[in-house]
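A short write-up of the structure that comes next.
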Amino acid sequence: MRNTLYIVVPCYNEEAVLPETARRLSEKLEQLISGGSVSGESRILFVDDGSRDRTWELIEGLAAGDSRFGGVKLSRNRGHQNALLAGLMTARAHCDMAVSMDADLQDDINAIDQMTADYLAGSDIVYGVRSSRRTDTFFKRTTAQGYYRFMKLLGVELVYNHADFRLMSRRALDALAEFREVNLFLRGVVPLVGYRCSFVEYERGERFAGESKYPLKKMLAFAFDGITSFSVKPIRLITLLGMLIFAASILMLLYSLAAKAFHFTVQGWTSLICSIWMLGGIQLLSLGIIGEYVGKIYFETKARPRYAIEQLLLKAPPSDRRPDA
Ligand code: UDP
Ligand code: MG
């Protein structure tokens, strides 16, 4: 089995940790190469996501000094997910498997041993899963857990306690490349790729140095992106609400007609109250129905691949037509 490994590391203003990250990763890579589990062609690929500090100069220095290091510089800051994708898509042309991880050494690089072992045993995707959230603040822990539950409720498949520390085989990367969506939420897309997967537990540490590049505002935007990129359930809720209010309006209609019949209303109240309830209900219901179509259009514009074939058993003379034609 071919076994060239690329370790892809997105970096945004990471000058404080980069030298240490590079040192530890190259040690790890040497160890994997001499152990024979990955080939000598393996590389560590840093992606500079439009940093404003000396990150790119450091990457240039590393690449000049040692051919095991490579760098990709994005034209400007495009965010973690896009930087990661840029790195993975660059690696795809050269590697048999790619591990993605953060620059801050929060992910335990020793888990890469098990990841490559799982790959060699036939897994296409190996998810790094945090065994506990002890190093997180109470706030981050509870919001994160609530988020996973909420996403599950909305029918989005996420791997619990998995960030973007994972190994993907080349064919999984090829399948990922077929996803053309612009609002990228890799944690939701990768499970859609399919193929054989496995999980490696690791203990997540503190950031080695520097500050989190995910302030609350970015985190909320990221979480919201995850919901709206994968689920039309919020639209369904509007439809449901419309139905409920419409049903309630019929009860109100009966009640106000009865009230009028027994003369304990003022002039004009019955018609007003009926219109308010009925129109409100009908409007919400219509919004929900329009929303259903908007949701359909939304998913159509994503143009997601409808399938990826894992194996084909077919004895037939070679065809010159494309399999999907
Ligand atoms: N990152 C990036 N672009 C951004 C923000 C972050 O490439 O716009 C990188 C960052 O350098 C790090 C990884 O994404 O390698 C995760 O960021 P961070 O560790 O700050 O997030 P946290 O662990 O605090 O959630
Ligand atoms: Mg981090």
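Heavy-atom basis, side chains included; hydrogens, waters and symmetry copies ignored. In each ligand, atom 1 is the first atom listed, and ligand 1 is the first ligand listed.
- Under 4.0 Å from ligand 1, the heavy atoms of N77 that appear belong solely to its side chain.
- Contacts between D102 and ligand 1 below 4.0 angstrom, taking non-hydrogen atoms only, involve backbone and side chain alike.
- One finds no salt bridge joining E300 and K296 here, because no Lys/Arg side-chain nitrogen approaches an Asp/Glu carboxylate oxygen to under 4.0 Å.
- Only the side chain of K218 comes within 4.0 Å of ligand 1, counting heavy atoms alone; its backbone N, CA, C and O stay farther away.
- Residues E30 and R68 are paired through a salt bridge, judged by an N-O separation under 4.0 Å between the basic side chain and the carboxylate.
- Contacts between R204 and ligand 1, counted as non-hydrogen atom pairs separated by less than 4.0 Å, involve the side chain only.
- From the protein, the heavy atom lying nearest to atom 14 (O) of ligand 1 is H80 CD2, 3.2 Å.
- Remark: minimum distance from atom 21 (O) of ligand 1 to any protein heavy atom is reached at Y214 CD1, 3.2 Å.
- Summary of contacts: the protein heavy atom closest to atom 3 (N) of ligand 1 is D49 OD2, 2.6 Å.
- Put simply, the side chain of R170 never gets that close to the backbone of A91: no donor and acceptor are under 3.5 Å apart.
- Closest to atom 1 (N) of ligand 1, if we only count protein heavy atoms, is Y12 CB, 3.7 Å.
- Contacts with ligand 1 closer than 4.0 Å are made by backbone heavy atoms (N, CA, C, O) of C11 only, the side chain lying farther away.
- A donor-acceptor contact under 3.5 angstrom links the side chains of N77 and D49, judged on distance only.
- In terms of protein heavy-atom proximity, atom 23 (O) of ligand 1 is nearest to Q106 OE1, 2.8 Å.
- Between D164 and H80, some side-chain heavy-atom pair lies under the 4.5 Å cut-off.
- In terms of protein heavy atoms, atom 25 (O) of ligand 1 is closest to K140 NZ, 3.4 Å.
- The Mg ion (ligand 2) lies under 2.8 Å from an N, O or S atom belonging to D104.
- The neighbour count for E203 CD, taken as heavy atoms of other residues, nucleotides or ligands under 6.0 Å away, is above 12.
- No side-chain N or O of S256 forms a donor-acceptor pair with one of T270 less than 3.5 Å apart.
- Of the protein's non-hydrogen atoms, E14 OE2, 3.4 Å is the one closest to atom 12 (C) of ligand 1.
- Remark: side-chain polar atoms of N161 are not paired, donor with acceptor, to backbone N or O of V129 under 3.5 angstrom.
- Between A83 and ligand 1, not a single N/O pair is under 3.5 Å apart.
- What sits closest to atom 22 (P) of ligand 1 on the protein, heavy atoms only, is S212 OG, 3.8 Å.
- Between E27 and R24 there is no salt bridge, since no side-chain N of the basic residue sits under 4.0 Å from a carboxylate O of the acidic one.
- Heavy atoms from other residues, nucleotides or ligands lying under 6.0 Å from NZ of K152 number 12 at most.
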